[in-house]
Amino acid sequence: MADDQQLEQELAALLEQEWFEPPEGFRARARITDLSEHEAAERDPVGWWERQAKELDWFEPWTTALDDSEPPFYRWFSGGKLNVSHNCLDRHVAAGLGERVAFHWHGEEGEKRAITYAQLLADVQRCANALKARGIGAGDVVGIYLPMIPEVIVAMLACTRIGAPHNVVFGGFSAESVAERMEFSNASALITVDGARRKGKTAAVKSTVDATMGDLSHLETILVVRHTGEACEMREGRDLWWHDALQAADPDCPAEPLDAEHPLFILYSSGSTAKPKGIQHTTGGYLTGAAWTFRNVFDVRPESDVFWCTADVGWITGHSYIVYGPLANGATSVMFEGAPDYPEKDVWWRLCQEYGVTIFYTAPTAIRTCMKWGAEHPQRHDLSSLRLLGTVGEPINPKAWAWYWRVVGGGRCPVVDTWWQTETGQIMITTLPGAQAAKPGSAGTPLPGIAAEVVDNDGREVQRDVQGLLTLRHPWPGMLRTLYKERDRYLSGYWERFGAPTYFVGDASRQDHDGYFWVIGRVDDVINVSGHRMSTAEVESAIVSHPKVAEAAVIGQSDEDTGQSICAYVTLRGDLEGDQELEVELREHVARRIGKLARPRRIIWASELPKTRSGKIMRRLLQDVAEGRELGDVTTLRDPDVMAQLSRSAEARGDDG
Ligand code: WTA
C-alpha cells in the first residue's frame, strides 16, 4: 500500500510538469536530434518525400513525383514501378539478412515461433503461387479474415507480391460484417481459419463464415488455415486447405513490378453513414510513408531493436506498424496472438522481458486498463530493455501518460503520442523522440512533409489556443487515393468542405501557443471506443434490424476506461416493454451483425426520441441525458416532454457494463 501511495505522489508530481524533454541517454544516440528534417521538408515537401521514396528499391524510377493535375485525386511517384513484398523481404534477404527474425510470434498458450525473413519470403512465394493457381492476379481483391497468427502476414505479403489488393477484416468483426465487406469489394477470394482462440476457449470461424457467404458468386476461392482443429466443411471446387495449397505450389514466385499507384489494399473503416468506407491505399506512396515514419518516429535500429505494436493487423495500425513499416525496414517485431490478461494480467510485461522489447506501441485505453489492474504487474518484470513508448488511437489523458512514462518506461523512455487515421496511412502528428519534448495529452507537431492547420467552419485558420477543425493542407504520399468504388463519397467526405488541397480530417483540435496540437475527438457521427472507430449509424441500423425495435439512436458517451462507450436509445414496436432479457438479446444481435466491439454498453428504453420539427434526432440532448448533464436548449424540439421521460428512463437503468 505504501508503494501505491508513493506512486500516486510521484504521478501527481509528474502531472505538474508541462514538458518532458527527451531523456539524455535517449537523445545521445537518437537518429534525429533536431528539427532539420522538418525544415528541409518545409522548404521543399515534394523533394523531401522523393528523397524518402528513394530509400525503397524501385524497379523503375518515377517520372513525376507529385501529379496534382486532377485534385483531389493525387498521384505520387507516377511512372515508377516497385513491389511491396520485394521491399519487405527480397531486398533484405539479398543483403544477407535472411536469418534475421522478422517476428517472434507468441501464441495464446505460450507457443513460440521465430520467423526469419528467409522463411517469410519462402512462404510468401508459395502462397502467391497458390493464389495465382486459383486464377487470382493483379487487381483481384483478396479478403483476409484471420487471427494474429503468422499466416496473416504471409497472406498480406503474398497479395502484394502479385498485385492483388487485400481487404483485411479485423478478427473481432462478425461473419456478417465479413460477408458485407467481401460483397462491397467484389472479392474473388477469402483467406480465413478453421477457428480462433480467445482466453483458453476456441470459436469456430470457417463454419460461421460459410453461413453468410452463400450467394457471393464472385468469391471463387476460400483458403483455410488450420489453427484450432475446429471441424469445418470444405466446399468442393471453392475451398482449399492453406497447407495443402502452399505445399502444392511452386516455391519461386518473382515479385511483380507494379505501378507506384497500383492499389495495395482496401481497409474498411467507419464513416458517418451505416455503410463502412473502403479506404484505398496505393503501393509506392503508402510504403514510403509507412517506412519513413516507422524508422524515425520510433527511432528504430533494425539490427538491435525489438519492436512490439499491440494492435491487431486488422486495423490500420497493424497494417502500417506491424506489417509494412517494420518489414520495409528489416526490423524484428513481437507478434502476440492473445489477450492482455491471459493467462495473467502481466503477460504483456512478461513478453517484453522475454523478448527484450525495446520499443512498445499501444493504445491509451490499454494503458488505462493496465493502470486499473495495478502497477504490480509491470513491476514484477524487468522492463529495462524498453527505450521508447508510443500511443495511438485517441487522446491520452495526462494521468495515463504519466503512469506509462513512470511505471512502464521507468522515466527513461520518451513517449510518442501519434495522431493519424486509416485514411492518412501513416503517423501525421507526433514528436520526434530525440528532437522534440513531449507534452502529455498533446500529440505534438506535424511530421516533416506534413502540414496541419486548425480552421473555423469557413476554413479560415483560427488563432492559437482556439478550438476548431483539424485539416491537412497539402497532399502526402501515404494518403488514401479514393474510397473503393465510391468516388463521390471520397469527394464529399474529405474535400468538399474546404476544397482541395485542404483535407477535412473530421477531428476537432486546437494548436497551442507552442504550436503543439491537442486533438479533442471526432466531429462527425463516429465514436471512438477503445481507440476503435465505430459509426453510430452502423450500430443504429444493426439495432433497428431486430424485429422488436422500431427506432434507435446511438451516441458516444464519455467513458473512463474506453474513452467513449456506446449508448443506445431504443424505441420498441407497439406496446412492447423493454426488459433485461431484451437488453441481452439486443446486445447479442448487434454482436452478430457487426461484432462484439459494437455492442452497446448501455441501453435506454425510450417511448419516443427527441426530434426537431423537421424530424431530426437531437443527439446533443441524448448525450446530455446519458452523461447526466443539465439539458441544453430544448426549444426546437417537437415535443419537449419527451426529455422528461428519457431522463427518468436513463436514471432507472444505470450502466450495467
Ligand atoms: C483518433 C487509427 C487523439 C482521431 C490510427 C482520428 C487520435 C481517429 C489519435 C482515427 C491520437 C487517432 N490522439 N486522437 N494520438 N490517434 N485518433 O482511422 O479521432 O482507426 O480521427 O486510425 O482516431 O481512427 P483510425
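These values consider heavy atoms only, across backbone and side chains, with no hydrogens, waters or symmetry-generated copies. Ligands are counted one by one from 1 in listed order, and the atoms in each one are counted from 1 as well.
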Compute the centroid of each ring, for [X] and then for [Y], and state whether the two points are separated by less than 6.0 Å.
| X | Y | answer |
| --- | --- | --- |
| Phe298 | Tyr321 | yes |
| Tyr490 | Phe73 | yes |
| Trp348 | Trp373 | no |
| Phe517 | Trp419 | no |
| Tyr361 | Trp308 | no |

Proximal ligand 1 atoms for [X], defined as those under 4.0 Å from one of its heavy atoms:
| X | value |
| --- | --- |
| Val519 | 3 (C), 14 (N) |
| Pro395 | 3 (C), 13 (N), 14 (N) |
| Thr317 | 5 (C) |
| Val392 | 5 (C) |

Gln421, any N or O under 3.5 Å of ligand 1 N or O: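 Yes, there is a polar N/O contact under 3.5 Å.
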Geometric N/O contact Glu423 with ligand 1, under 3.5 angstrom: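 The answer is no, given that Glu423 and ligand 1 share no N or O pair closer than 3.5 Å.
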Heavy-atom check, side chain of [X] versus side chain of [Y], under 4.5 Å:
| X | Y | answer |
| --- | --- | --- |
| Leu264 | Val84 | yes |
| Thr482 | Tyr494 | no |
| Asp305 | Arg387 | yes |
| Thr317 | Trp420 | yes |

Is it the side chain (CB and beyond), the backbone, both or neither of [X] that lies under 4.0 Å from ligand 1, heavy atoms counted?
| X | answer |
| --- | --- |
| Val505 | neither |
| Asn528 | side chain |
| Ala443 | neither |
| Ile396 | neither |

Trp48 side chain to Glu37 side chain, donor-acceptor N/O pair below 3.5 angstrom: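 Short answer, yes.
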Sub-4.0 Å heavy-atom approach of Gly521 to ligand 1: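 In this structure, Gly521 fails to qualify as a contact of ligand 1 - no heavy atom is under 4.0 Å.
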Within-shell test, Gly393 vs ligand 1, heavy atom, strictly < 4.0 Å: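 Under 4.0 Å: yes for Gly393.
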Starting from [atom], find the nearest protein heavy-atom neighbour and note its residue, name and distance.
| atom | answer |
| --- | --- |
| atom 11 (C) of ligand 1 | Glu394 O, 3.5 Å |
| atom 24 (O) of ligand 1 | Arg533 CD, 3.2 Å |
| atom 10 (C) of ligand 1 | Trp420 O, 3.6 Å |
| atom 4 (C) of ligand 1 | Asp507 OD2, 2.9 Å |
| atom 18 (O) of ligand 1 | Thr422 OG1, 2.5 Å |

Cationic N near anionic O, under 4.0 Å, Arg464 to Asp512: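 Between Asp512 and Arg464 there is no salt bridge, as every charged N stays at least 4.0 Å from the carboxylate O atoms.
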Nearest neighbour of atom 7 (C) of ligand 1 from the list Tyr321, Trp315, Trp419, on a heavy-atom basis: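 Minimum heavy-atom distance to atom 7 (C) of ligand 1 goes to Trp419.
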